Amino acid sequence: MRTIIDGWDAFELWLTQLPFVFQVVFVTVVLLPLTAAVAIGIDRVTERFDRRPERAPEQRRSD
């Protein structure tokens with residue numbers, strides 16, 4: 001777990017030390033498409049739960 005934390009800290013330090021223009025490009029090129037893909041994936045998964053269950057065909061009663 002410590003390795004993951006250290007790796008994230010190193011990445012974060014590298015990103016924050018980049019000039020502002022490169023930070024904006026990184027966010028635009030990498031993070032926006034990544035978060036959009038995650039949002040689309042979540043939407044497709046939850047779409048299955050949003051639908052109403054279909055009713056079974058009504059049976060005719062003979063009186």
Side-chain angles (χ1 to χ4, degrees):
M1 186 60 131
R2 190 72 205 159
T3 305
I4 295 171
I5 293 170
D6 289 341
W8 179 256
D9 285 342
F11 173 75
E12 187 179 26
L13 183 62
W14 169 78
L15 185 62
T16 58
Q17 289 179 348
L18 287 176
F20 180 72
V21 173
F22 293 122
Q23 290 179 5
V24 171
V25 169
F26 179 79
V27 167
T28 304
V29 172
V30 176
L31 293 181
L32 287 178
L34 182 64
T35 54
V38 169
I40 290 169
I42 291 172
D43 183 53
R44 288 185 180 166
V45 168
T46 59
E47 188 175 86
R48 294 182 180 190
F49 301 107
D50 289 342
R51 294 184 186 149
R52 289 185 177 185
E54 294 184 22
R55 288 183 151 178
E58 292 184 25
Q59 296 176 356
R60 294 185 183 187
R61 291 186 287 174
S62 57
D63 293 326

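Because the structure is a prediction, the values reported are computed rather than measured.
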**Student:** So, for Gln17 and Gln23, which heavy atoms are closest and what is the spacing to 0.1 Å?
**Tutor:** N-NE2, 4.4 Å
**Student:** Please lay out, stage by stage, how Asp6 and Thr3 fare under the test side-chain contact (heavy atoms from CB on, under 4.5 Å).
**Tutor:** CA-CA 5 Å; Asp6 289 341; Thr3 305; 5.8 Å; no
**Student:** Taking only residues at least two apart or on different chains, which pairs with a member in residues 10-30 satisfy ring-ring contact (aromatic ring centres under 6.0 Å, His included)?
**Tutor:** Trp8-Phe11, Phe11-Trp14, Phe11-Phe26
**Student:** Are the side chains of Ile5 and Arg2 in contact, using a 4.5 Å heavy-atom criterion?
**Tutor:** yes
**Student:** Excluding sequence neighbours, so at least two apart, what forms side chain to side chain donor-acceptor pair (under 3.5 Å) with Asp9?
**Tutor:** none
**Student:** Going by the side chain to side chain donor-acceptor pair (under 3.5 Å) test, which pairs reach into residues 39-48, not counting sequence neighbours?
**Tutor:**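 Matches after skipping sequence neighbours: Glu47-Arg51.
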**Student:** Each residue besides Val45 in its hydrophobic cluster should be listed here, by chain and number; the cluster joins Ile, Leu, Val, Met, Phe, Trp and Tyr at side-chain heavy-atom distances under 4.5 Å.
**Tutor:** none
**Student:** For residues 28-36, which side-chain donor-acceptor pairs fall under 3.5 Å, sequence neighbours excluded?
**Tutor:**
residue: Thr28; atom: OG1; partner: Val24; partner atom: O; Å: 2.8
residue: Thr35; atom: OG1; partner: Leu31; partner atom: O; Å: 2.9
residue: Thr35; atom: OG1; partner: Leu32; partner atom: O; Å: 3.0

